[in-house]
Amino acid sequence: MKVVALHNLKGGVGKTSAAVNLAREANRDGLPVLVWDLDAQGASTWVLGGENGLGRKVKKLLAGKSPLGEEVQHTDWERLDLLPSDMRMRELDRLLDDGSSGDKHLKRLIAPFSEEYALLILDCPPGLSTLSDQLVRAADRILVPTIPSPLSVQAFSRMMAHLDLKKRQRQRVTPFFNLVDRRRKLHREWLETPPAAIGPVMQSWIPYASAVERMSLECRPLADLAPRSRATLAYRQLWQELKASL
């Protein structure tokens with residue numbers, strides 16, 4: 001099972017839309033996929049039509065005392081499942097800190113899912129935290145949705161400084177440009193020549209599109225909501241690029 005995390009220090013950069021659409025594209029490709037909504041706000045859970053809340057105490061689930069797999073919900077798409085959000089996940093960092101496996105606790109929690117799924121996508125809350133540190137151990141790739149702006153570069157640099165990665169770990173963290181508006185000169189320039197401060201970026205980028213905003217109204221990924229839109233095709237291309245690199 002490959003593990004892909006969508007993470008950023010900043011909020012509002014498109015982590016959820018990327019998580020949901022990449023999951024659906026992988027699912028369309030024939031892979032059994034699980035999305036784990038780690039954000040207490042529950043945006044991925046909402047878009048995928050899931051029921052918010054976990055049936056057991058989050059503390060017991062994350063301690064491994066209750067089976068996490070029994071909390072998985074099926075979605076309207078065959079072989080695309082959801083581990084839903086819960087408001088109690090706002091205590092996620094403390095619970096991970098209390099884990100007996102140290103910085104590999106998250107990795108050990110998700111290992112059993114490899115028996116059923118080929119891809120696990122983690123929709124992570126914004127910020128720098130214990131979760132951020134453990135993603136480096138648990139994920140094969142950390143994708144960082146990045147709006148082309150100086151503040152986004154600053155946030156990415158702060159995130160990388162916090163993680164303090166070794167060279168091989170650094171290669172797992174890859175930004176991609178999101179909410180791109182080609183009418184803006186800076187956006188066009190950065191697509192052509194990304195700033196050196198963020199290092200190598202994915203070749204695929206996601207345009208700003210009203211269809212993405214409609215996802216939360218229709219509770220459907222773009223592949224079903226607007227199958228021919230530019231944003232849908234962009235996510236399809238991003239998935240193909242990601243798949244080739246895993």
Side-chain angles (χ1 to χ4, degrees), residues 1-27 31-54 58 61-62 68-69 71-77 80-93 95-96 106-107 109-110 113 117-136 138-147 155 159 172-176 178-179 202 206 212-213 215-216 219-223 231 235 238-239 242 246:
M1 181 181 71
K2 298 298 183 181
V3 180
V4 175
L6 277 299
H7 183 54
N8 197 312
L9 165 62
K10 291 170 59 65
V13 296
K15 293 185 297 294
T16 292
S17 57
V20 169
N21 286 309
L22 288 172
R24 180 66 177 117
E25 290 303 324
N27 171 250
L31 298 183
V33 181
L34 176 65
V35 175
W36 188 0
D37 190 351
L38 288 161
D39 193 335
Q41 296 182 67
S44 287
T45 301
W46 173 267
V47 174
L48 289 172
E51 184 176 342
N52 243 324
L54 298 167
V58 172
L61 289 167
L62 294 184
L68 192 58
E71 301 292 334
V72 169
Q73 300 176 8
H74 298 301
T75 71
D76 290 340
W77 299 271
L80 174 53
D81 293 343
L82 170 70
L83 193 52
S85 175
D86 190 294
M87 280 299 294
R88 292 168 292 179
M89 294 295 280
R90 64 186 183 276
E91 301 179 15
L92 178 62
D93 282 336
L95 297 173
L96 288 176
L106 179 63
K107 184 175 182 177
L109 277 176
I110 64 181
F113 291 116
Y117 301 99
L119 178 67
L120 170 62
I121 292 185
L122 305 174
D123 184 8
C124 303
L128 299 176
S129 60
T130 300
L131 173 62
S132 305
D133 298 332
Q134 296 207 9
L135 286 177
V136 177
D140 296 285
R141 183 63 61 88
I142 302 173
L143 289 182
V144 185
T146 304
I147 300 171
M159 185 177 86
R172 295 187 218 159
V173 183
T174 312
F176 69 92
N178 195 30
L179 300 175
M202 301 290 280
I206 310 301
V212 176
E213 297 176 348
M215 286 173 54
S216 60
C219 293
R220 286 187 291 167
L222 286 175
Y235 275 116
L238 179 62
W239 160 243
L242 174 62
L246 288 174

**Student:** Is there side-chain contact between Asn21 and Met215, with at least one heavy-atom pair below 4.5 Å?
**Tutor:** yes
**Student:** Do side-chain atoms of Ser85 reach the backbone of Asp39 as a donor and acceptor pair under 3.5 angstrom?
**Tutor:** yes
**Student:** Could I get the full list of side chain to side chain donor-acceptor pair (under 3.5 Å) partners for Thr130, not counting sequence neighbours?
**Tutor:** Asp97
**Student:** Quick check against the 3.5 Å criterion: does Arg141 have a side-chain atom that pairs as donor or acceptor with the backbone of Ala5?
**Tutor:** no
**Student:** Should Asp37 and Leu83 count as side-chain neighbours, where that means a heavy-atom distance under 4.5 Å?
**Tutor:** no
**Student:** Just wondering, do Leu135 and Leu106 contact through their side chains at under 4.5 Å, heavy atoms?
**Tutor:** yes
**Student:** Under 3.5 Å, side chain of Thr146 to main-chain N/O of Val144, donor-acceptor pair present?
**Tutor:** yes
**Student:** Does the side chain of Leu119 come within less than 4.5 Å of Phe113's, by heavy atoms?
**Tutor:** no
**Student:** Taking side chain to side chain donor-acceptor pair (under 3.5 Å) as the test, write out the residues that go with Ser17, two or more places apart.
**Tutor:** Tyr235
**Student:** Could you give me the CA-CA distance, side-chain angles and deciding distance for Arg24 and Asn27, then say whether side chain to side chain donor-acceptor pair (under 3.5 Å) is met?
**Tutor:** CA-CA 5 Å; Arg24 180 66 177 117; Asn27 171 250; 2.6 Å; yes
**Student:** Which pair of heavy atoms, one from Gly14 and one from Asn178, lies closest together, and at what distance?
**Tutor:** CA-ND2, 3.5 Å
**Student:** Nearest 0.5 angstrom please: Leu82 CG to Trp77 CH2, how far?
**Tutor:** 10.0 Å
**Student:** I want to check something: taking the side chain as every heavy atom from C-beta on, are Trp36 and Ile110 in contact at a cut-off of under 4.5 Å?
**Tutor:** yes
**Student:** For a quick test of reading the model, state the closest non-hydrogen atom pair linking Ala139 to Arg172 and the distance between them.
**Tutor:** O-CD, 3.6 Å
**Student:** Could you check whether any side-chain N or O of Ser132 sits under 3.5 Å from a backbone N or O of Gly127, counting only pairs where one atom can act as donor and the other as acceptor?
**Tutor:** yes
**Student:** Is it true that a side-chain atom of Asp140 and a backbone atom of Val3 form a donor plus acceptor pair closer than 3.5 Å?
**Tutor:** yes
**Student:** Measuring from atom OG1 of Thr16 to atom CG of Leu6, what distance do you get when rounded to the nearest 0.5 angstrom?
**Tutor:** 8.0 Å
**Student:** Keeping Asp86 on the side-chain end and Leu54 on the backbone end, is there a donor-acceptor pair under 3.5 Å?
**Tutor:** yes
**Student:** Looking only at heavy atoms, what is the nearest atom pair of Lys15 and Cys124, with distance?
**Tutor:** CE-O, 3.1 Å
**Student:** For the CG atom of Leu68 and the CG atom of Leu62, what is their distance to the nearest 0.5 Å?
**Tutor:** 7.0 Å
**Student:** Not counting sequence neighbours, which residues clear side chain to side chain donor-acceptor pair (under 3.5 Å) with Ser44? List them please.
**Tutor:** Asp123
**Student:** Is any side-chain heavy atom of Leu120 less than 4.5 Å from a side-chain heavy atom of Val4?
**Tutor:** no
**Student:** Is atom CD of Gln73 surrounded by more than 12 heavy atoms (other residues, nucleotides or ligands) closer than 6.0 Å?
**Tutor:** yes
**Student:** Can you tell if the side chain of Leu143 reaches within under 4.5 Å of the side chain of Phe176, non-hydrogen atoms only?
**Tutor:** yes
**Student:** Give, for atom CG of Leu222 and atom CD of Glu25, the distance between the pair rounded to the nearest 0.5 Å.
**Tutor:** 8.5 Å
**Student:** To check you understand the geometry: which heavy-atom pair defines the closest contact between Val173 and Met159, and what is its length?
**Tutor:** CG1-CE, 4.1 Å
**Student:** Has Trp46 got a side-chain atom pairing as donor or acceptor with Cys219's backbone, closer than 3.5 angstrom?
**Tutor:** no
**Student:** When you look at CD of Gln41, are more than 12 heavy atoms from neighbouring residues, nucleotides or ligands closer to it than 6.0 Å?
**Tutor:** no
**Student:** Say you draw a straight line from CG of Leu131 to CG of Leu38; how long is it, rounded to the nearest 0.5 Å?
**Tutor:** 6.0 Å
